[in-house]
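Only one structure is covered here, and it is reproduced in the block below.
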Amino acid sequence: MADFSGNSLTCIRGERVVFTKLDFSIGEGEVLYLRGPNGSGKSTLLCLMAGLLRPVSGEMLWNGESTREDAETFRGLLHFVGHQDAIKTALTVEENLTFWAEMSGVDPAKRSVGEALETFALSHLASLPARFLSAGQRKRLNLARICASPAPLWLLDEPSNSLDKASVGALRKAITTHQEKGGLVAVATHEELSPDTNVLDISEFTNNKSAAA
Amino acid sequence: MADFSGNSLTCIRGERVVFTKLDFSIGEGEVLYLRGPNGSGKSTLLCLMAGLLRPVSGEMLWNGESTREDAETFRGLLHFVGHQDAIKTALTVEENLTFWAEMSGVDPAKRSVGEALETFALSHLASLPARFLSAGQRKRLNLARICASPAPLWLLDEPSNSLDKASVGALRKAITTHQEKGGLVAVATHEELSPDTNVLDISEFTNNKSAAA
Amino acid sequence: MFNYFANPTRFLRLTSKLQPFAMIVTLITMGAGLYYALFQSPPDYQQSETVRMMYVHVPAAWMAMFCYVTLAASSAVALIWRHMVADIVAKSTAPIGACFTFLALATGSLWGKPMWGTWWVWDARLTSVLILFFLYLGYMVLYNAFDEPTRGARAAAILAIVGVINVPIIKFSVEWWNTLHQPASVVKLDGPAIHPSMLTPLLLMAVGYTAFYFWVLFIRTRAELNANKVRALRIRQAEG
Amino acid sequence: MSAFWQVFASLIQREIRLAIRHGADSMMVVMFFVLVVVLFPLGVGPEPGILTRISAGVIWVAALLSAMLSMDRLFQTDFEDGSLDLLILTPQPLELLVLAKTIAHWLTTGLPLIIISPLLALLLNMEASGYGVMLAALALGTPTLSLIGAIGAALILGARRSGVLLSLLILPLFIPTLIFGVSAVDAALTDLPSKPQLLVLGGLLLASFALCPWASAAALRQAAE
Amino acid sequence: MSAFWQVFASLIQREIRLAIRHGADSMMVVMFFVLVVVLFPLGVGPEPGILTRISAGVIWVAALLSAMLSMDRLFQTDFEDGSLDLLILTPQPLELLVLAKTIAHWLTTGLPLIIISPLLALLLNMEASGYGVMLAALALGTPTLSLIGAIGAALILGARRSGVLLSLLILPLFIPTLIFGVSAVDAALTDLPSKPQLLVLGGLLLASFALCPWASAAALRQAAE
Ligand code: HEM
Ligand SMILES: Nc1ncnc2c1ncn2[C@@H]1O[C@H](COP(=O)(O)OP(=O)(O)OP(=O)(O)O)[C@@H](O)[C@H]1O
Ligand SMILES: Nc1ncnc2c1ncn2[C@@H]1O[C@H](COP(=O)(O)OP(=O)(O)OP(=O)(O)O)[C@@H](O)[C@H]1O
Ligand SMILES: [Mg+2]
Ligand SMILES: [Mg+2]
């Protein structure tokens with residue numbers, strides 16, 4: 001029973017309070033939608049979850065244990081897709097993907113680079129240097145990364161930006177499949193990706209003055 | 001009567017044919033929506049319109065005159081918003097905007113930096129260094145640029161990426177106002193920004209084999 | 001005149017006619033030149049037999065400069081008029097010029113060991129020829145440093161034009177600075193100051209080098225043009 | 001026309017502001033300059049005779065290397081964040097925008113370098129007679145380096161692995177400035193007239209002032225394509 | 001554990017592939033090295049006596065400068081395109097990833113530099129007795145430069161102003177390598193034993209091998225926050 005939650009998280013960036021006393025919890029097979037206007041702190045919360053930022057106070061628990069305790073193991077459990085795409089333009093699409101699959105440290109038998117390419121309709125671009133990709137193709141390559149090696153927790157920051165209808169469909173399907181396997185997803189988005197069962201509105205935790213200022 | 005059109009444009013990027021024999025035309029007060037799946041060539045067409053790329057064949061006409069003839073004047077007539085945001089993180093929001101307004105070479109009396117900031121709800125961030133902006137706020141700053149100095153032709157590449165609902169509304173309003181003043185807009189987008197009266201589906205002009213390969 | 005050559009097919013036809021001619025001239029003049037140089041011309045009273053190095057060295061140095069001027073001129077034409085044949089001429093000239101420059105440098109330092117007692121000195125003539133060599137290298141590296149071939153061609157063309165300033169520096173460096181290297185004695189305003197018995201093989205070799213340049217140039221340009229044709233065909237095929 | 005000069009001034013102002021806010025580049029250049037000059041005696045050994053003999057050369061080589069080091073970011077950041085496209089799309093002639101950027105570059109990197117150079121000459125035991133000429137030569141030479149460097153910086157945009165390619169392209173073109181710069185100081189140190197060399201440096205400056213912005217702008221235009 | 005070495009190898013492989021794809025990266029570092037060595041004689045004047053005397057110093061200073069020049073982008077590109085965040089998020093210890101990147105850096109820049117150095121020593125009229133020791137000293141010294149430089153490269157990320165200052169503090173750490181590297185060669189040229197200096201160089205290498213990856217990793221974690 002995987003389970004990821006945060007208690008009373010407060011985050012300060014560059015002397016500005018982003019949010020205070022924020023709680024969240026994601027259960028097995030659940031998708032948490034982070035909503036809120038621009039600048040409310042969705043991306044910040046995702047970085048916090050990944051461990052790229054540290055909260056000023058509060059703690060996060062994975063299966064009831066603090067993520068700080070055994071940070072290395074926790075890092076092996078998650079995939080993070082941020083605004084930046086971490087694509088090396090000199091490498092081909094496949095090389096990019098394979099590299100990140102290898103870095104995940106996951107047993108080679110469990111990796112599925114080819115399938116991931118197929119999921120996001122990139123197979124025919126596999127041997128193309130990534131510099132020739134269009135904005136949407138880059139985004140798809142970045143998303144394919146999370147399918148290429150398994151990890152229970154996905155943290156996605158506006159994954160549907162630049163995607164066309166077909167690719168948004170592929171993304172939805174990938175998320176559903178992941179859910180069915182019992183995976184956890186936290187996604188920040190302004191669009192509707194699926195019926196929002198589990199929504200966290202960040203603007204509730206922001207002090208409007210400081211978040212907007 | 002402003003009027004912008006292209007005849008039988010063919011574009012090759014890196015030895016790959018993006019589209020062939022493409023025609024478009026935008027009349028006064030019109031918005032042209034560029035549609036097509038990822039990688040079909042929307043961004044490429046916008047770069048072509050701006051003069052950042054050269055077509056292999058075909059020509060573009062502004063009020064019936066070739067845009068190549070008097071390129072400098074034509075450049076003064078357009079605003080371009082691409083995927084890259086041209087924001088200097090060390091400068092404040094206002095400094096960034098003012099700089100581009102000054103570079104436009106437009107008479108200072110006609111510039112409206114303050115109004116532009118207001119349109120995109122950035123006034124309270126005006127004196128903040130741009131490095132602290134969130135993804136959506138950066139996009140808004142970039143869009144504010146086109147309102148800060150007047151130009152009849154707007155070329156927008158996926159302007160609604162990362163924007164929250166309120167900001168998409170502001171963008172819609174800005175486009176409508178521009179239309180009412182007789183402005184021309186070409187916008188590449190996967191979302192609905194307004195009733196699509198004038199749609200150009202680029203995938204019609206791409207040879208599927210080469211565009212997808 | 002160069003509108004005439006703008007047509008690649010016409011250029012191809014012309015070069016295929018000229019190529020055997022260039023080959024024959026190369027073989028004859030080089031052969032005769034080498035014979036004269038090695039057996040007919042007298043040893044120098046100062047330099048004794050090492051003077052024979054001159055017949056290899058001097059024409060190579062001349063060609064190094066000649067090739068660069070050609071490179072710069074055709075680059076300018078290619079850049080301004082988007083002249084495809086000129087671009088190909090420039091691209092094909094660069095490696096040949098680099099080889100001549102290398103030859104001039106190598107034979108120069110081989111000659112320098114007996115004459116000056118050292119392989120290399122940092123005097124103005126030698127240094128500026130070394131710069132020329134770097135310019136050739138820079139041109140070739142820049143040409144291939146981009147993903148889009150046209151982009152590399154144009155960047156390299158700009159470099160070639162900027163670098164042409166170096167050629168007069170090479171030519172006049174011996175007069176502007178005190179150098180070990182000797183000043184011009186053949187190409188001078190008041191006529192050559194060199195004995196005819198040495199001048200003949202030298203000029204023969206110079207003609208031979210030039211013909212050799214054109215011979216290789218024709219081969220390379222034809223290869224490039226054919227590659228271009230193939231590429232154009234592919235694109236047309238893709239256009240359907 | 002006056003509108004144009006406003007644009008010119010506003011571009012210079014932005015560059016200087018960026019340089020100050022970032023603090024990185026110009027600081028880095030001056031430190032690099034100091035470092036090369038300090039490293040050299042360490043490498044060569046402390047004999048003052050030799051140091052004095054080569055002082056002018058070391059200072060010039062250091063100036064040249066640090067100019068080069070700072071050069072490669074001149075257009076690169078603008079290219080990467082899309083500002084370059086927008087600059088090209090403004091209705092001003094690109095040549096003059098390039099000139100403005102080059103001037104700003106010199107003001108933020110060349111000028112501090114000139115100011116610090118007497119101190120370094122002191123470190124190298126240069127004789128007093130050389131200082132004035134060294135300053136004059138640097139003042140005439142470093143803008144030339146910036147102008148020539150701008151061509152290289154524009155040419156390498158979008159190239160694979162640009163940094164070192166730049167040095168390969170522009171160092172050869174820097175050499176004349178180096179030679180005359182050093183020989184001006186050496187002449188002054190040996191009590192010979194250094195005016196001819198300074199005149200040549202001035203001529204080089206004028207020539208590159210007239211030619212380089214055109215070449216750089218041409219390179220930029222095709223980089224954006 | 002074996003999975004870990006696979007990750008290690010895969011990172012090195014990627015770096016080398018990137019270096020090669022990006023257009024003969026190592027060739028260009030070598031070019032820079034050659035150009036610096038060529039420039040010094042130009043600045044200093046052509047007297048062969050002086051050149052021979054300073055040849056070891058010039059080669060070492062040039063090696064140091066080219067190591068530094070190629071260093072600054074070691075983490076920069078990964079930082080800018082978000083790869084660094086993802087690398088930090090992999091379950092491997094960051095120290096070892098840093099080590100892998102540093103080793104790849106040395107393989108693509110330090111090694112070619114060592115290979116070309118005899119040619120430059122020839123240009124500078126170095127005496128034959130110095131060659132062997134010079135190669136040994138470079139082989140021991142350049143990895144140290146890469147390791148120390150990695151700290152600076154990590155510090156320069158993120159925190160702008162302070163990062164630059166800190167990385168400037170790193171540069172003096174290069175100096176011991178320089179001094180012992182030069183004096184090893186000088187000793188060999190004057191027929192003195194150069195073993196003590198080489199031993200010191202080896203010691204420096206071991207020490208920086210043990211310490212530098214930790215410092216760099218700490219700086220990187222900072223930058224990502
Ligand atoms: C690497 C070393 C050398 C280089 C780069 C070099 C370069 C050149 C160049 C560029 C020229 C053509 C000059 C012109 O047309 O005005 C030339 C001509 C010549 N070089 Fe060298 N040279 C080198 C070494 C030597 C040596 C060692 C000697 C013999 C002592 C020598 C003797 C000559 C002579 C006799 C000419 C013909 C000058 C004339 O009659 O115009 N060179 N060299
Ligand atoms: N620099 C380049 N060199 C070669 N091909 C390129 C280059 N940039 C893009 N392409 C190719 O051109 C095609 C069109 O790209 P473009 O960016 O215009 O697509 P798009 O319609 O904007 O897609 P998206 O919706 O993903 O932004 C793509 O197939 C892409 O692979
Ligand atoms: N490096 C930083 N230093 C200081 N403040 C920052 C920094 N990055 C972001 N901020 C501020 O933190 C707040 C939250 O930013 P964040 O990027 O998390 O917003 P977001 O909800 O993702 O918005 P968007 O929908 O626009 O992506 C914003 O008000 C922003 O100004
Ligand atoms: Mg965000
Ligand atoms: Mg696009």
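Residue numbers start from 1 in every chain, and the chains themselves are labelled A, B, ... in the order their sequence lines are given, proteins ahead of strands. Note: hydrogens, waters and symmetry copies are ignored here, and every other heavy atom, side chains too, is used. These figures come from a predicted structure and were not determined experimentally.
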Gap between atom [atom2] of [Y] and atom [atom1] of [X] - 0.5 Å precision:
{"X": "D/Leu173", "Y": "C/Leu159", "atom1": "CG", "atom2": "CG", "value": "7.0 Å"}
{"X": "D/Leu169", "Y": "C/Phe134", "atom1": "CG", "atom2": "CZ", "value": "12.0 Å"}
{"X": "D/Leu168", "Y": "C/Tyr139", "atom1": "CG", "atom2": "OH", "value": "14.5 Å"}

Item to check | Closest approach of D/Ala215 to C/Val162 (non-hydrogen atoms, all atoms of both residues) | outcome: CB-CG2, 4.0 Å
Checklist entry - Are any of the side-chain heavy atoms of D/Gln222 and C/Ile158 separated by less than 4.5 Å? => result yes
Next on the checklist: Could you check whether any side-chain heavy atom of C/Arg151 comes within less than 4.5 Å of a side-chain heavy atom of D/Leu157, counting everything from C-beta outward?
Outcome noted: yes
Checklist entry - Relative to chain C, which segment of D/Leu155 carries a heavy atom at a distance below 4.5 Å: side chain, backbone, both, or neither? => result both
Checklist entry - Has C/Phe102 got more than 12 heavy atoms of other residues, nucleotides or ligands less than 6.0 Å from its CZ? => result no
Item to check | Max heavy-atom pair count under 4.5 Å with chain C, selected residue of D/Ala223, D/Ala154, D/Pro172 | outcome: D/Ala223
Item to check | Part of residues 206-213 of chain C lying next to chain D, heavy-atom separation under 4.5 Å | outcome: none
Checklist entry - In this structure, which one of C/Ile169, C/Asn166, C/Ile131 forms a side-chain contact (heavy atoms from CB on, under 4.5 Å) with D/Ile175? => result C/Ile131
